[in-house]
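First up is the structure itself, then whatever we jot down about it.
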Protein chains: 2
Amino acid sequence: MEDYGCDMRGMLSFQILWLLSKKVMNGEELAGEIEKRRGEKPKAGTIYPALKGLSSKKLIFGSKNGKSVYYRLTPSGKKALDHAVNHFCSSFGEILESKTKA
Amino acid sequence: MEDYGCDMRGMLSFQILWLLSKKVMNGEELAGEIEKRRGEKPKAGTIYPALKGLSSKKLIFGSKNGKSVYYRLTPSGKKALDHAVNHFCSSFGEILESKTKA
DNA sequence: AAATAAATATAGGACATACTATATATTTAA
DNA sequence: TTAAATATATAGTATGTCCTATATTTATTT
């Protein structure tokens, strides 16, 4: 991981939920979408345990198709995402706004 | 901590740097500003180790005044924050945008 | 002066997010 | 059919962020 001085880890499961709310995807596609945004692609040992955790909480549901597992949000995953987006925006919204204005 | 389904921890040191870029503050004041945004106030065992870590990396500098330690960003702290803000916005900017539009 | 309050400090624990490395299943190419 | 590529899975390690609990320091109050 690149060094930003402060630790920029976190919010992986949140970002996965958000991405799956836009499109049904498998783990590889999700990793690619995260790479577009973060600049670095999460490794297999990062993304698959996260997907497993979200599955076991029933926030996402995976269907195997060939060698891939395609994930979609469950209804409770959609609810959790809404709640989390609200929290995220009240926590960090001003930082994103300050950048937009600059 | 409240449960959001997905884990919403993270970015504490980043948020501390951002808050200190706006105003010189002590640990208690920082915890109060974080509470305004996140809804929950980080406990002493959370905030002080984070401040210690940022100090040991020379990203912030603390001056003791009575019972308080007032922290400010160092020049390398300002640089680290700029870099981190860019990364944060490219990682999560669209999430805030989607909320603003809704 | 003694008790209380405010601010900081640190030990010890849990967990998500990172990594590397290894392994397995399935598909595609040689 | 064998080899390579793709996608997933899991073990093991490290670190930041969370907590509770305890302790210390300094200022204020009685």
Side-chain angles (χ1 to χ4, degrees), chain A residues 1-19 24-35 37-57 59-60 62-71 80 84 87-88 91-92, chain B residues 1-19 24-35 37-57 59-60 62-71 80 84 87-88 91-92:
Chain A
M1 274 226 107
E2 196 178 338
D3 181 31
Y4 298 96
C6 54
D7 194 290
M8 297 304 283
R9 286 181 305 176
M11 310 287 173
L12 178 64
S13 294
F14 171 60
Q15 189 165 32
I16 289 171
L17 290 184
W18 196 84
L19 290 168
V24 172
M25 280 181 274
N26 66 22
E28 259 306 304
E29 290 170 328
L30 275 166
E33 292 298 322
I34 291 168
E35 183 181 22
R37 290 158 177 83
R38 301 197 185 191
E40 287 175 273
K41 186 175 175 176
K43 303 300 182 285
T46 301
I47 196 89
Y48 294 110
L51 290 169
K52 192 184 178 187
L54 289 168
S55 291
S56 70
K57 286 177 197 153
L59 299 179
I60 64 176
S63 315
K64 186 154 191 179
N65 187 321
K67 59 190 167 186
S68 293
V69 182
Y70 286 88
Y71 289 98
H87 181 255
F88 184 80
S91 296
F92 301 112
Chain B
M1 274 226 111
E2 196 179 339
D3 180 31
Y4 298 95
C6 53
D7 194 289
M8 297 304 283
R9 287 181 304 177
M11 311 286 173
L12 178 64
S13 294
F14 171 61
Q15 189 165 33
I16 289 171
L17 289 184
W18 196 84
L19 291 167
V24 172
M25 279 181 273
N26 66 23
E28 259 305 305
E29 290 170 328
L30 275 167
E33 292 299 321
I34 291 167
E35 183 181 22
R37 291 159 176 83
R38 300 198 186 190
E40 287 176 90
K41 187 174 175 176
K43 302 299 181 285
T46 301
I47 197 88
Y48 294 110
L51 290 168
K52 192 185 178 186
L54 289 169
S55 290
S56 69
K57 286 178 196 152
L59 299 180
I60 64 176
S63 316
K64 186 154 192 180
N65 187 321
K67 58 190 166 187
S68 293
V69 182
Y70 285 89
Y71 288 98
H87 181 256
F88 186 78
S91 296
F92 301 113

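First the proteins, then the strands, lettered A, B, ... as listed; each starts at 1. Every heavy atom of this structure was used, including side-chain atoms; hydrogens, water molecules and symmetry mates were not.
Atom CG of B:Asp7 is separated from atom P of D:dT15 by 19 Å (rounded to the nearest Å). In this structure, NZ of B:Lys64 is placed 9 Å from P of C:dT8, rounded to the nearest angstrom. The nearest whole Å value for the distance from the CD1 atom in A:Ile47 to the C1' atom in C:dA16 is 13 Å. A:Tyr4 places its OH atom 16 Å from the P atom of D:dG16, with the value rounded to the nearest Å. Rounded to an integer number of Å, the gap from B:Lys41 NZ to D:dT20 C1' is 16 Å. We find that CG of B:Leu30 is positioned 13 Å from P of C:dA7, with the value rounded to whole Å. Summarising the geometry, the separation between CD on B:Glu28 and C1' on C:dA9 is reported as 13 Å, rounded to the nearest angstrom. As a whole-Å value, the separation of A:Glu29 CD from D:dA7 C1' is 11 Å.
With the nearest nucleotide of DNA chain D identified for both A:Arg9 and A:Leu51, A:Leu51 has the one nearer the 5' end. Checking B:Ala50 against A:Pro49, the closest nucleotide of DNA chain D that is more toward the 5' end is the one next to A:Pro49.
The phosphate of C:dT17 has OP1 or OP2 within less than 4.0 Å of a side-chain N or O from A:Ser13. Contact between the side-chain N/O atoms of A:Thr46 and the OP1/OP2 oxygens of C:dC19 is found at a separation under 4.0 Å. Considering only side-chain N and O atoms, A:Arg38 lies nowhere under 4.0 angstrom from the phosphate OP1 or OP2 of C:dT17. Phosphate contact (OP1/OP2 of D:dC18, side-chain N/O of B:Lys43, threshold under 4.0 Å): absent. B:Tyr48 has no side-chain polar atom (N or O) that falls below the 4.0 Å cut-off from OP1 or OP2 of C:dA9.
Between the B:Ser68 side chain and the B:Asn65 main chain, no donor and acceptor come within less than 3.5 Å of each other. Under the 3.5 Å distance criterion, the side-chain polar atoms of B:Gln15 are left unmatched by any main-chain donor or acceptor of B:Leu12. Panel note: side chain B:Asn26, backbone B:Glu29; a donor-acceptor pair is recorded below 3.5 Å.
For B:Phe88 and A:Phe92, the ring centers are positioned less than 6.0 Å apart.
Nearest approach of A:Ile16 to A:Ala50, heavy atoms of both residues: CD1-CB, 3.9 Å. Nearest approach of A:Arg9 to A:Met1, heavy atoms of both residues: CG-SD, 4.1 Å.
With axes fitted over five pairs at each extremity, the angle between the ends of the helix from C:dA1-D:dT30 to C:dA30-D:dT1 is 10° (10° resolution).
The pair A:Lys41-A:Glu28 meets the salt-bridge criterion, since a charged nitrogen lies less than 4.0 angstrom from a carboxylate oxygen.
At the heavy-atom level, A:Gly45 lies under 4.0 Å from base atoms of the strands shown.
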